[in-house]
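Chain letters run A, B, ... following the sequence lines, proteins first and then strands; every chain starts at 1.
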2 protein chains.
Amino acid sequence: MGIKQTFGQKVNALRKGKGLSQEDLSEKSGINRPYISAIEQGKRNVSLEVMEKLAEALEIHIKVLFEE
Amino acid sequence: MGIKQTFGQKVNALRKGKGLSQEDLSEKSGINRPYISAIEQGKRNVSLEVMEKLAEALEIHIKVLFEE
DNA sequence: TTGTAGACTGCCGTCGACA
DNA sequence: ATGTCGACGGCAGTCTACA
């Protein structure tokens with residue numbers, strides 16, 4: 001499992017835990033929905049700024065995205 | 001302070017804590033030295049894969065890069 | 001609701017060189 | 001030992017559209 005896959009699974013789990021759809025997360029984060037879909041599938045090499053937007057939208061600290 | 005600056009300062013602090021030069025970190029991580037310089041100055045929007053290489057070279061878990 | 005495709009712009013990340 | 005520059009290929013991130 002690469003880091004992109006691990007990261008994607010974490011985003012997916014946190015999003016579902018909040019009861020949000022990809023569309024919801026897209027609107028809250030300002031990131032387009034197809035890109036969020038690809039991120040959750042571990043296909044994208046996400047950057048710091050996107051990670052920050054995701055964390056804000058999920059109402060968590062960025063470091064949570066890297067906890068087991 | 002943006003996230004890029006915060007991240008860069010963390011890398012700088014961890015590197016110095018290990019007694020490494022940018023050149024040392026460059027060799028251990030496989031990332032070119034000018035880029036590491038720019039990262040520490042908060043000028044670059046670092047990606048997941050680069051973060052992973054930095055964490056391995058610094059012998060820490062990635063999440064440490066986001067702790068206060 | 002999610003995955004995927006194509007086309008596009010801008011920037012990540014590399015490298016060699018010089019202060 | 002570090003910062004900076006210029007040039008470059010490749011991909012991050014956007015958008016529209018369709019299953």
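A sub-4.0 Å separation between OP1 or OP2 of dG3(D) and a side-chain N or O of Ser37(B) is present. Remark: Gln22(A) is in phosphate contact with dG3(C), judged by side-chain N or O atoms under 4.0 Å from OP1 or OP2. Of the side-chain N and O atoms in Arg15(A), one or more sit less than 4.0 angstrom from OP1 or OP2 of dT2(C). Contact between the side-chain N/O atoms of Tyr35(A) and the OP1/OP2 oxygens of dT14(D) is not found at any separation under 4.0 Å. Contact annotation: Gln41(B) reaches the phosphate of dT4(D) (side-chain N/O to OP1 or OP2, under 4.0 Å). Proximity of Lys43(A) to the phosphate of dT4(C): a side-chain N or O atom is located under 4.0 Å from OP1 or OP2.
Aromatic ring pairs are classed by plane angle as parallel below 30°, tilted from 30° to 60° and perpendicular above 60°; the pair Phe66(A) and Phe7(A) is tilted.
For the pair Ile39(B) CD1 and dC11(C) P, the computed distance is 17 Å after rounding to whole Å. For the pair Phe7(A) CZ and dA12(D) C1', the computed distance is 13 Å after rounding to whole Å. Summarising the geometry, the separation between CZ on Arg44(A) and P on dC11(C) is reported as 17 Å, rounded to the nearest angstrom. For the pair Glu52(B) CD and dG13(C) C1', the computed distance is 16 Å after rounding to whole Å. Computed from coordinates, the Lys4(B) NZ to dC12(C) P distance equals 7 Å when rounded to whole Å. One can place CG of Leu48(B) at 10 Å from P of dA12(D), the figure rounded to the nearest angstrom. The CD-C1' distance, from Glu40(A) to dT2(C), rounds to 10 Å in whole Å. Between the NZ atom of Lys16(B) and the C1' atom of dA1(D) there is a distance of 11 Å, given to the nearest Å.
Straight-line distance between the P atoms of dT14(C) and dG13(D): roughly 16 Å, to the nearest whole Å.
Taking 4.0 Å as the cut-off between side-chain N and carboxylate O, Lys16(B) and Glu40(B) do not count as a salt-bridged pair. A salt bridge is absent between Lys10(A) and Glu67(A); no separation between the charged side-chain nitrogens and carboxylate oxygens falls under 4.0 Å.
Of the candidates dT16(D), dG3(C), dA17(C), dT16(D) carries the atom nearest the Pro34(A) side chain, counting heavy atoms from C-beta on. For Val46(B), counting side-chain heavy atoms from C-beta on, the closest listed nucleotide (dG13(D), dG13(C), dG3(C)) is dG13(C). Nearest nucleotide to the Ser47(A) side chain, out of dG13(D), dT14(D), dT14(C): dG13(D). Which of dG13(C), dG3(C), dT14(D) sits closest to the side chain of Asn32(A) comes down to dT14(D). Distances were taken from every side-chain heavy atom of Ser21(B) (C-beta onward) to each of dA1(D), dA12(D), dT14(D); the shortest belongs to dA1(D).
Side-chain atoms of Arg33(B) stay outside donor-acceptor range of the base of dG16(C), with no qualifying N/O pair under 3.5 Å.
Minimum interatomic distance between Asn45(A) and Glu49(B) (heavy atoms only, all atoms of both residues): OD1-N, 3.0 Å. The heavy-atom pair separating Arg33(B) from Ser26(B) by the smallest distance is N-OG, 3.4 Å. For His61(B) against Ala55(B), the heavy-atom pair with the smallest separation is C-CB, 4.4 Å.
If you find the closest nucleotide of DNA chain D to Asn45(B) and to Leu20(B), the one lying nearer the 5' end belongs to Leu20(B).
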